[in-house]
Visitor: 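My questions all concern the structure below.
Order of the sequence lines fixes the chain letters, A, B, ..., with proteins taken first and strands second; residue numbering starts at 1 for each chain. All values derive from a computational prediction rather than experimental measurement.
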Amino acid sequence: MAKEIRTRFAPSPTGYMHIGNLRTALYEYLIAKSQGGKFILRIEDTDQERYIEGATDIIYETLKQTGMQHDEGPDVGGDYGPYIQSERKDTYLPYAKKLVENGAAYYCFCTKDRLEEIKANSADKVAGYDRHCRDLSKEEVEAKLKAGTPYVIRQKMPLSGKTSYTDVVYGLVEIENSELEDQILVKSDGMPTYNFANVIDDHLMNITHVVRGNEYLSSTPKYNLLYEALGWDIPVYIHLPPVMKDAQHKLSKRNGDASFQDLLKKGYLPEAILNYIALLGWSPRDNREFFTLNELVENFYIEGLSKSPAVFDIVKLRWMNGEYLRNMDPDKYYALALPYLKKAVASPDIDLKKIASLVQGRADTFMDIAPLIDFIDALPEYSTDIYCHKKMKTDKVNSLENLKAVLSLLKGIDKRDWNEEKLHDSLINLASEKGVKNGQIMWPVRTALSGKDVTPGGAIELLYILGKEESLARIETGIDMLEE
RNA sequence: GGCCCGUUGGUCAAGUGGUUAAGACAUCGCCCUUUCACGGCGGAUACAUGGGUUCGAAUCCCGUACGGGUCACCA
């Protein structure tokens, strides 16, 4: 039986979940789930300085909202815990010491000042640490240790040769060992660096596929050297291209680019966001674009992953969100839209469900609803110019005439008969009696009722929504304005 | 700057030596229609660049340009 696929999402709790991060989680989830594997959540909080309170809750919450449930993690447990790196602090040092013993790592007593100095002096010559402590004698090391000198443990890179590996999406990657810095494995506070903790944890947690952003592409050989020194199997690597804000800037929290949470606040659906970002860097075998999370699992295949950066296009997300909204069950739509409808319409007698049905086909996000129906509570000020419409063949003169006719017609309709069918038949009749196009009646009515040149729904719907009293009042206002 | 990676229309993206170079968003035009939207139909727009290899290159090789990444006691 083939080994079970295990992937992990390993965010550091430093704030909101940004889109690139979420997409990485998605692909990790899909890679595992499409092959019947496990998806693990691990919190990488080895940098206490950057820790932000509440950030882990956002991570849990986001995973829940998107439906990407992890099989193991700090909140759900599992056989490989703890799943928070700060709680595993003691597990790393022994491995570092083992590396020191077998010559793959060494103690370094250089002060931060000294390091800064080399950095400043070396300009753009050799990158990184100058390996000052690499060849200290055993005695020197012992003495310093005994004296309590602060130290870090660094990885001892080979000075010559190359290290290569095959990435699933990028193919063969080969780096000269001389390019590799003697990176720090254990910091002076005793905490491991990401570089070290990552390797240890991935191995200890049986992670088979390491999936992460391609900024690690050229440092991966360092990790492989670590795996080898420890005598461990090297995992499968899948590096992902970045999600961009524009052609040259990555999407990032620092620039305040949209996070998942922001998009939700802006009225986007979690499932639409997920669907959209799935397609940013991956494409299915056919031309399908709409997928639920489960459908993504069914259709996912690793070869569909792309290696070039993708620009996040909010315009297309809007469209896709709109499609989700339009295809939603009307009752569900009503339930989700209700808070937004209530905020936009204060009048208590308004049929919000009717409004929901009008707005469902027109609003791409929930935030788009309010501006569409801002005329309901009160008639806005408007210019009579909008009564003129070329295609409807309306102008101020015939609008006035038709509005008057409509007014007296509507006055005759009993309040109890004030429904769309009745209103529709009456107005259509009026048009044919007068021998004019329907639009010549409808357009001025719609205009008088809304004071806008664009509305969700036409004259009939607006008459119904506004009710007899309000409708008549607004039409009278329109007549007054046109008579001036 | 060294090293690594990338480059198909404005954007996402199919394509793995022979195609009229898909499809989607956006855009433009037309149709439908009581406005708008939805929907339908159609248009315009792309293989960064120069050399090879080959009967034949978006597809393979080399160079160039452009862009990104990396070179932290951050992840």
Visitor: Sort out the partner of U45(B) for me: Watson-Crick or G-U wobble, both distances under 3.5 Å, none otherwise.
Guide: none
Visitor: Side chain of Trp443(A) only, please: which of U35(B), U34(B), G2(B) is the nearest?
Guide: U35(B)
Visitor: Can you tell me, in whole Å, how much space there is between the C1' of A44(B) and that of G10(B)?
Guide: 13 Å
Visitor: Side chain of Arg326(A) only, heavy atoms from C-beta on: which candidate in C38(B), G6(B), U34(B) is closest?
Guide: C38(B)
Visitor: What's Ile428(A) touching, base or sugar-phosphate or nothing? Going by heavy atoms closer than 4.0 Å.
Guide: nothing
Visitor: Has Lys307(A) got a side-chain N or O lying under 4.0 Å from the OP1 or OP2 atom of G6(B)?
Guide: yes
Visitor: Regarding A26(B), can its base be found pairing with the side chain of Lys316(A) as donor and acceptor, where the two atoms are less than 3.5 Å apart?
Guide: no
Visitor: With rounding to the closest Å, how many angstrom separate the C1' atoms on A14(B) and C74(B)?
Guide: 38 Å
Visitor: Mind checking if Gly457(A) touches a base, just sugar-phosphate, or nothing, with heavy atoms under 4.0 Å?
Guide: base
Visitor: Could you give the distance separating U19(B) and U11(B) at their C1' atoms, to the nearest angstrom?
Guide: 24 Å
Visitor: Counting only side-chain heavy atoms from C-beta out, which of A75(B), C25(B), U11(B) sits nearest to Val311(A)?
Guide: U11(B)
Visitor: Please measure how far the C1' atom in A21(B) lies from the corresponding atom in U16(B), and state the result in whole Å.
Guide: 14 Å
Visitor: Under 4.0 Å, heavy atoms only, any strand: does Thr46(A) hit a base, just the sugar-phosphate, or nothing?
Guide: sugar-phosphate
Visitor: In terms of side-chain heavy atoms of Asp313(A), which of G6(B), G68(B), U11(B) is nearest?
Guide: U11(B)
Visitor: Classify the ring geometry of Trp282(A) against Phe291(A): parallel below 30°, tilted from 30° to 60°, perpendicular beyond 60°.
Guide: perpendicular
Visitor: Nearest of U34(B), C25(B), C3(B) to any side-chain atom of Glu179(A)?
Guide: C3(B)
Visitor: Quick one: is C74(B) close enough that its OP1 or OP2 comes under 4.0 Å of any side-chain N or O from Lys187(A)?
Guide: yes
Visitor: For Leu358(A), answer base if it contacts any base atom (sugar-phosphate contacts may also be present), sugar-phosphate if it contacts only those atoms, and nothing otherwise; contact means non-hydrogen atoms under 4.0 Å.
Guide: nothing
Visitor: More 5' along RNA chain B: Asp45(A) or Ile175(A), using each one's nearest nucleotide?
Guide: Ile175(A)
Visitor: Return the pairing partner of A58(B) with a 3.5 Å limit on both distances, Watson-Crick or G-U wobble; otherwise return none.
Guide: none
Visitor: Would you indicate what Glu323(A) reaches in the nucleic acid, counting non-hydrogen atoms under 4.0 angstrom: base, sugar-phosphate, or nothing?
Guide: sugar-phosphate
Visitor: From the options U34(B), G23(B), A75(B), select the nucleotide whose nearest atom is closest to the side chain of Asn287(A).
Guide: G23(B)
Visitor: Val315(A) near the nucleic acid: base, sugar-phosphate alone, or nothing, with a heavy-atom cut-off under 4.0 Å?
Guide: sugar-phosphate
Visitor: Glu174(A) near the nucleic acid: base, sugar-phosphate alone, or nothing, with a heavy-atom cut-off under 4.0 Å?
Guide: sugar-phosphate
Visitor: Are there more than 12 heavy atoms of other residues, nucleotides or ligands under 6.0 Å from atom NZ of Lys245(A)?
Guide: yes
Visitor: Answer with base, sugar-phosphate or nothing: what part of the nucleic acid does Lys437(A) contact at a heavy-atom distance below 4.0 Å?
Guide: nothing
Visitor: Begin with the C-alpha distance, continue with both residues' side-chain angles, and end with the deciding distance and a verdict on ring pair (Phe, Tyr, Trp, His ring centres under 6.0 Å) for Tyr227(A) and Tyr165(A).
Guide: CA-CA 13 Å; Tyr227(A) 280 102; Tyr165(A) 69 101; over 10 Å; no
Visitor: Distance between the C1' atoms of A75(B) and G69(B), in whole angstroms?
Guide: 15 Å
Visitor: In whole Å, what is the span from the CG atom of Leu305(A) to the C1' atom of C5(B)?
Guide: 15 Å
Visitor: Here's a test of your reading of the structure: between Lys391(A) and Leu280(A), which maps to the more 5' nucleotide of RNA chain B?
Guide: Leu280(A)
Visitor: Looking only at side-chain atoms of Glu181(A), point me to the closest of A75(B), C38(B), A72(B).
Guide: A72(B)
Visitor: Closer than 4.0 angstrom, basic N to acidic O: yes or no for Asp201(A) and Arg8(A)?
Guide: no
Visitor: The side chain of Leu217(A) is closest to which nucleotide in this list: A75(B), U34(B), C5(B)?
Guide: C5(B)
Visitor: Parallel, tilted or perpendicular: which describes the rings of Phe366(A) and Tyr333(A), with under 30° parallel and over 60° perpendicular?
Guide: tilted
Visitor: Contact class for Met392(A) (heavy atom, under 4.0 Å): base, sugar-phosphate, or nothing?
Guide: sugar-phosphate
Visitor: Taking only the side-chain heavy atoms of Ile460(A) (C-beta and beyond), determine which of C73(B), A24(B), U34(B) contains the nearest atom.
Guide: U34(B)
Visitor: Contact class for Tyr216(A) (heavy atom, under 4.0 Å): base, sugar-phosphate, or nothing?
Guide: base
Visitor: Can you tell me the pairing partner of A75(B) across any strand shown, Watson-Crick or G-U wobble, with both distances under 3.5 angstrom?
Guide: none
Visitor: Considering every strand shown, what is the Watson-Crick or G-U wobble mate of U11(B) when both distances are under 3.5 Å?
Guide: A24(B)
Visitor: Is it true that Asp182(A) and Arg154(A) have a side-chain N and a carboxylate O under 4.0 angstrom from each other?
Guide: no
Visitor: Any base atoms under 4.0 Å from Lys452(A), or only sugar-phosphate, or nothing? Heavy atoms, all strands.
Guide: nothing
Visitor: Using Watson-Crick or G-U wobble geometry with both distances under 3.5 Å, which nucleotide pairs with A37(B)?
Guide: none
Visitor: Is it true that Asp45(A) and Ser86(A) share a donor-acceptor pair across their side chains at a distance under 3.5 Å?
Guide: yes
Visitor: Can the ring centroids of Phe312(A) and Tyr276(A) be said to lie less than 6.0 angstrom from one another?
Guide: yes
Visitor: Mind checking the P distance from U27(B) to U64(B)? Whole angstroms is fine.
Guide: 41 Å
Visitor: Rounded to whole angstroms, how far apart are CD on Glu117(A) and P on A72(B)?
Guide: 16 Å
Visitor: Could you let me know what U70(B) is paired to, Watson-Crick or G-U wobble, both distances under 3.5 Å, or none if it's on its own?
Guide: G2(B)
Visitor: Applying a 4.0 Å non-hydrogen cut-off, can you work out what Ser188(A) is touching in the nucleic acid: base, sugar-phosphate, or nothing?
Guide: base
Visitor: Distance check, P atoms only: G40(B) and G9(B), in whole angstrom units.
Guide: 27 Å
Visitor: Looking at Arg318(A) and Asp313(A), does any basic side-chain N land under 4.0 Å from a carboxylate oxygen?
Guide: no
Visitor: If you check every side-chain atom of Trp319(A), which of A26(B), C73(B), A75(B) has the closest atom?
Guide: A26(B)
Visitor: Using a 4.0 Å heavy-atom cut-off across all strands, classify Ala310(A) as base, sugar-phosphate, or nothing.
Guide: sugar-phosphate
Visitor: Does OP1 or OP2 of A14(B) have a side-chain N or O of Ser283(A) closer than 4.0 Å?
Guide: yes
Visitor: Looking across every strand, which nucleic acid part, if any, lies under 4.0 Å from Ser219(A) by heavy atom: base, sugar-phosphate, or nothing?
Guide: nothing
Visitor: Considering only atom C1', compute the distance from A37(B) to C32(B) and round it to an integer number of Å.
Guide: 13 Å
